[in-house]
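Every chain is numbered from 1 and lettered A, B, ... according to where its sequence line falls, protein lines coming before strand lines. Just so it is clear, the values below take in all heavy atoms, side chains as well, and ignore hydrogens, waters and symmetry mates.
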Amino acid sequence: MRYALLVLAPPQATAVHRAAIGLCEAALDAGHALPRVFFSDAGTQVALDTAVPPGDEPSPREHWQALARQHGVELVACIGSAVRHGVLDSDEAARFERPAATLAEGFVLGGLGLLVEATAAADRALTFGGGAP
Amino acid sequence: MRYALLVLAPPQATAVHRAAIGLCEAALDAGHALPRVFFSDAGTQVALDTAVPPGDEPSPREHWQALARQHGVELVACIGSAVRHGVLDSDEAARFERPAATLAEGFVLGGLGLLVEATAAADRALTFGGGAP
Amino acid sequence: MKSTLLVMNRAPYAGTLARAGLDAALAYAAFDQPTSVLFAGPAVLQLAPAQEPAAIGRKSLRRLIDSMPLYDLEAVYADAGALARYGLAAADLPAFVTVLDPAAQRELQDRHEHLLSF
Amino acid sequence: MKSTLLVMNRAPYAGTLARAGLDAALAYAAFDQPTSVLFAGPAVLQLAPAQEPAAIGRKSLRRLIDSMPLYDLEAVYADAGALARYGLAAADLPAFVTVLDPAAQRELQDRHEHLLSF
Amino acid sequence: MALHTVNLLPGDDATEAALAQLRDGDAVLFHGEGAWHAAAPALDAWARTGATLHVLAADLAACGLTGRCDPRVAAVDSAGFLALTEQHATQRAWF
Amino acid sequence: MALHTVNLLPGDDATEAALAQLRDGDAVLFHGEGAWHAAAPALDAWARTGATLHVLAADLAACGLTGRCDPRVAAVDSAGFLALTEQHATQRAWF
């Protein structure tokens, strides 16, 4: 089957991100397709490159990046939400005259059409929200 | 009297920030002292310089900056919370090898001792939390 | 193409999730997907009349909801129990909104291939 | 110097506010302020035994709470009603925690010059 | 006497605990999501406590309730909020 | 048949609405803050609905409840979560 995910929880809701990442890994291991994960609202903060997770634990961001690297999953942060939350690629950083891009490697910014496209082609659409502050 | 404020709400909770800023302005207009506002947890995100508020409305960040400019209020973002939330001054950006600082003008990073000091010297201590996602 | 029900759960101005959900609903409609919207729990407050959030730095979500028919989005529903809890009457809602009891909400859900929650 | 009551309100791992509150309490104690802590509502779950949050990328808040006496922080209280709601028994809590009914919680509050909420 | 700032929706599960902490002479300020209390059935329980009830005018307007505010609740601006903090030595923030 | 993913604390005011949406053949997956249901009195109402009850093992461990999980709730790992999504065509996320 083909899966599409929508992630709304901020990265501080580590349990929600772990649950979503675990599901993605299980789905891919089982041979399902999972071409794209779409992050919206506070979920886009997981793509903020300047956030430094505490201690030695890998952060949700690093887990998502590993998933993208190993399985080619496209990680799209909703552009509207992302800029409100301070997540800028180099184009947006230039447009809003900020000194540097803050979008973490492995993520791209994109419009809501990419969410629509993902769920329209999917057999399963799943939302991950809640948690935090 | 002397006031001290602790702000925990993320900037997306615009109502909470407006309430806090309005109280600060009223207190200062009435002749009270309000030397410092301390931001912790998600509250530190208000100091994220790369966040672009939607449309033409001034953001909580800009209101806080105006308060600091006009009344000399010190705006301290808890350093531990700030780095988790991607708010780095130039020292922290260098320490964690990030390309640029993201701390907005008018804010400083500081330890919890500055919260303790502020409330210990105050007649009134007020917490502003809640809201969002 | 899949029929999609977007379930709204949040009060309008606590954060930005309510707005994100409405933007998503309008996007589904704009891309000509069969789209329905259910306002459940605190999200029924997004339907309240006369919202004037300029002083808290926001734009009226009710105004955005009122524009839904312009996107041919009129399959819009509200949770009866939540309306009662918050003291909202049917007359307060946009005319194109249908009020549903819990059983009818479940039937609505079961008529759609996908659900998204906000 | 002012006597300060820090009121914790959040479950341990929903976000980072619970941890921020504990860090603040330890800071007040470390700076030799007269400090008390009340775990209210969902925050009593921070007191639950045997927490092992490594698999969700977190450190045990119960372990942090267990260290409070090392900071001479032993004026630590828990909300009786919330403990019952979540199925926690007094025996589950650290030995230095005192369980309070609502009236005693208000007396506690009134004995302090400042309150901070997390 | 304490000031209770209430940023909870009507029916929030923290409400019961908050109500149990109210005393004669206390003041309640509904703000943020709490402003929805100004026209909700849940207001009755707050009115029975003996605390005075207030709501921040900007949040009341955001809710569209400026003209529908229950007469038991007084709308206040920032100066009114300040006065409440002057009159009450401590604040319990419910959120 | 639907999968209900529940990231709500026991007693959350959204619980009542969620319970009213459960049907025979549905499955519930408690996760995140929902994992506290595995040993809370509020579980009874969920058990009466006829839905099967599950909890994500990592969240159960975070709560310290691995050894105290109610026998009516089955702990599942990510593969178990995946199986629930395979068996149920739609997901209602409660958070």
Side-chain angles (χ1 to χ4, degrees), chain C residues 7-22 39-68 78-95 97 99 102 105 117-118, chain E residues 4-19 28-48 53-82 93-95:
Chain C
V7 184
M8 310 295 165
N9 294 293
R10 288 290 185 271
Y13 308 114
T16 45
L17 185 51
R19 173 63 193 260
L22 295 178
F39 291 90
V44 298
L45 296 168
Q46 298 179 31
L47 302 167
Q51 299 171 32
E52 293 188 26
I56 58 165
R58 305 294 279 272
K59 292 200 163 59
S60 167
L61 294 194
R62 169 64 189 258
R63 205 158 299 152
L64 195 61
I65 292 165
D66 285 334
S67 77
M68 284 180 165
D79 170 6
L83 291 171
R85 165 182 282 191
Y86 299 117
L88 286 168
D92 294 326
L93 312 181
V97 173
V99 178
Q105 288 172 50
S117 301
F118 293 90
Chain E
H4 300 259
T5 55
V6 177
N7 184 10
L8 303 171
L9 283 170
D12 188 287
D13 56 305
T15 299
E16 198 186 336
L19 288 168
V28 170
L29 177 69
F30 295 113
H31 74 107
E33 301 203 87
W36 293 103
H37 277 92
L43 183 68
D44 291 343
W46 295 85
R48 280 194 296 267
L53 305 181
H54 311 263
V55 61
L56 214 49
D59 294 319
L60 189 70
C63 299
L65 296 176
T66 302
R68 297 168 71 176
C69 184
D70 190 286
R72 295 169 291 183
V73 183
V76 297
D77 60 8
S78 292
F81 183 7
L82 177 69
W94 300 92
F95 57 84

Heavy-atom contact with chain E under 4.5 Å, split by part of Tyr86(C): both
Proximity breakdown for Ala54(C) and chain E, heavy-atom pairs closer than 4.5 Å: neither
Side-chain touch Gln51(C)/Leu65(E), heavy atoms, less than 4.5 angstrom: no
Ala84(C) versus Pro41(E), closest heavy-atom pair with distance: O-CG, 3.7 Å
Contact origin within Ala61(E) toward chain C - heavy atom pairs under 4.5 Å: both
Pick from Pro12(C), Ala48(C), Ala50(C) with the largest number of heavy-atom pairs that fall under 4.5 Å of chain E: Ala50(C)
Residue, of Ala57(E), Gly11(E), Ala40(E), Pro10(E), that accumulates the most heavy atom pairs under 4.5 Å with chain C: Pro10(E)
Closest non-hydrogen atom pair between Ala55(C) and Ala58(E), with its separation: CB-CB, 3.9 Å
CZ-CG distance between Arg10(C) and Leu9(E), expressed to the nearest 0.5 angstrom: 9.5 Å
Spacing of CG belonging to Asp92(C) relative to CZ belonging to Arg68(E), to within rounding of 0.5 Å: 4.5 Å
